[in-house]
2 protein chains.
Amino acid sequence: MAHGDDKTKASGENQPIDTRSRILSAAFRLFRKHGYHGVGLNDILAAASAPKGSLYHHFPGGKEEIGVAVVAEITRGILSLFGASRAKKTSTVLMHVGEQMSATIERTNHEICTLFTAFLAERSASPKLGEAVASAYAEMTLAIEARLKQDGFAARAAKERAATVVMLLEGGAMIAQAQQSVAPFSLALKHAASLCERGD
Amino acid sequence: MAHGDDKTKASGENQPIDTRSRILSAAFRLFRKHGYHGVGLNDILAAASAPKGSLYHHFPGGKEEIGVAVVAEITRGILSLFGASRAKKTSTVLMHVGEQMSATIERTNHEICTLFTAFLAERSASPKLGEAVASAYAEMTLAIEARLKQDGFAARAAKERAATVVMLLEGGAMIAQAQQSVAPFSLALKHAASLCERGD
DNA sequence: TCAAGAATAGACCGACCGGTCTAGAGAATG
DNA sequence: CATTCTCTAGACCGGTCGGTCTATTCTTGA
């Protein structure tokens, strides 16, 4: 800790991205595609063009810590989408978030939402991972719930509808991946958005 | 093929279950809990009290064939639930199916629906598994869709609602597993059942 | 009783797993 | 320049993976 904590990006922050970030985004891509156990550290390292030493330097907790970090980053991204544009109606924001997800689904050849669910399966072997996913779901639900209350929904209705929306999105992404088509996700999204309208 | 095909259960079909069945149900339990990669052949073998030779005798295709067989069996079970009692309304049958699933979710300490989704993640490495899950979803959706049409829904509405129901159930089971509670699944089930009522 | 196939049994294999460890390159401090 | 610390680099490890292979036992029909 000789120098400050803005460190690493000291000399040139344009192209040669931080090794840590490279590892993280490589892990994200691979986990999304093959699940947790389906990806080896060597796969991540190869994709990130980094040696094993760097990995354990940046993530002393190893694979598990990488997984948790990936979940945290995804969650942060989604929450920021929901946090922005407070003025608009929730259903509008939801459609916007959904379109982003749809685009990702198509761009990644319908391989996207295995990540959370795959991590959930690790809960018994690696509690931290499972809990990271569980709290990610919880945070997202709470964010939607808060918006719905703000839109005028009663407390109970807001809670239930928020939960249903998350389930629909999750289930929709799953079926979309199975059918190799965004259509199911779009359907789920439409239904979810209508749930966020007053008077159903 | 010297003797007929009812074979194996020849001498006593009460307690000492067929080795193949033992392997299958052990695999089911373990896959459900730990996902596909999370379970080793040795785990399955130990749980089934069977040697490796038996496994490759009954499942020459190895782990992948076991996975496909498990998916097929689950699908068969669910479809038979939907097939039975054609007289009743779809929403009634759905509630019944859902209650069975709820019971399983509670009995297994909220570890149930990772199976399909975990297998889906194997699609790139093992297409057969992914396709088995994909067609399982498709079959279930078709079964519900057929019932809804029979209940008087228009073709398009039946198709969309059936798809939404499957998504809700899948998403609900996922969140239930994450929150370690059946409540989310029950909520999804309620919502799904109401989707199967005429006039929403 | 005996031959033949089904089924069981488990030693064994190379590949790969996640993780550890030592060594060196590079930048910042005195 | 020497020191110190961050970060990179990759050889290496024991363990486990899915899968193969060679017996041996059980069952069955002639």
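Every chain is numbered from 1 and lettered A, B, ... according to where its sequence line falls, protein lines coming before strand lines.
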When the distance from CD1 of I23(A) to C1' of dG19(C) is rounded to whole Å, what number comes out?
14 Å
Rounded to whole Å, NE2 of H37(B) lies from P of dT16(D) at a distance of 17 Å
Take the protein atom NZ of K63(B) and the nucleotide atom C1' of dT20(D), then report the distance between them rounded to whole Å.
17 Å
Of all the nucleotides listed (dG19(D), dG19(C), dC7(D)), which has the minimum atom distance to the side chain of H58(A)?
dC7(D)
Please identify each residue that fulfils ring pair (Phe, Tyr, Trp, His ring centres under 6.0 Å) with F28(B), with sequence neighbours left out.
none
Spacing between F59(A) atom CZ and dC7(D) atom P, to the nearest angstrom:
12 Å
Using 30° and 60° as the class boundaries, would you call the ring planes of H37(B) and H37(A) parallel, tilted or perpendicular?
tilted
What does nucleotides 9-14 of chain D look like as a protein-contact string, B for base, S for sugar-phosphate only, - for none, at under 4.0 angstrom between heavy atoms?
BBB---
In whole angstrom, give the distance that lies between atom CD1 of I44(B) and atom C1' of dT16(D).
14 Å
Distance alone, cut at 3.5 Å: any donor-acceptor contact between the side chains of S124(A) and H34(B)?
yes
Looking at F185(A), does the NZ or CZ of K190(A) lie under 6.0 angstrom from its six-membered ring centre and within 45 degrees of the ring axis?
no
Whether H57(B) contacts dT8(C) is assessed here as follows: a side-chain N or O lying under 4.0 Å from the phosphate OP1 or OP2. Is that the case?
no
Distance check needed: dC7(D) P versus D18(A) CG, whole Å only.
8 Å
Side chains of S181(A) and H110(A): do they bring a donor and an acceptor to under 3.5 Å?
no
Atom CG of L45(B) to atom P of dG18(D): distance rounded to whole Å?
10 Å
Whole-Å gap separating C1' (dT20(D)) and CG (N42(B)):
14 Å
Evaluate the side-chain contact (heavy atoms from CB on, under 4.5 Å) criterion for residues L129(B) and R123(B): first the C-alpha distance (whole Å), next the side-chain angles of each, then the deciding distance (0.1 Å), finally the verdict.
CA-CA 6 Å; L129(B) 263 185; R123(B) 192 168 221 173; over 6 Å; no
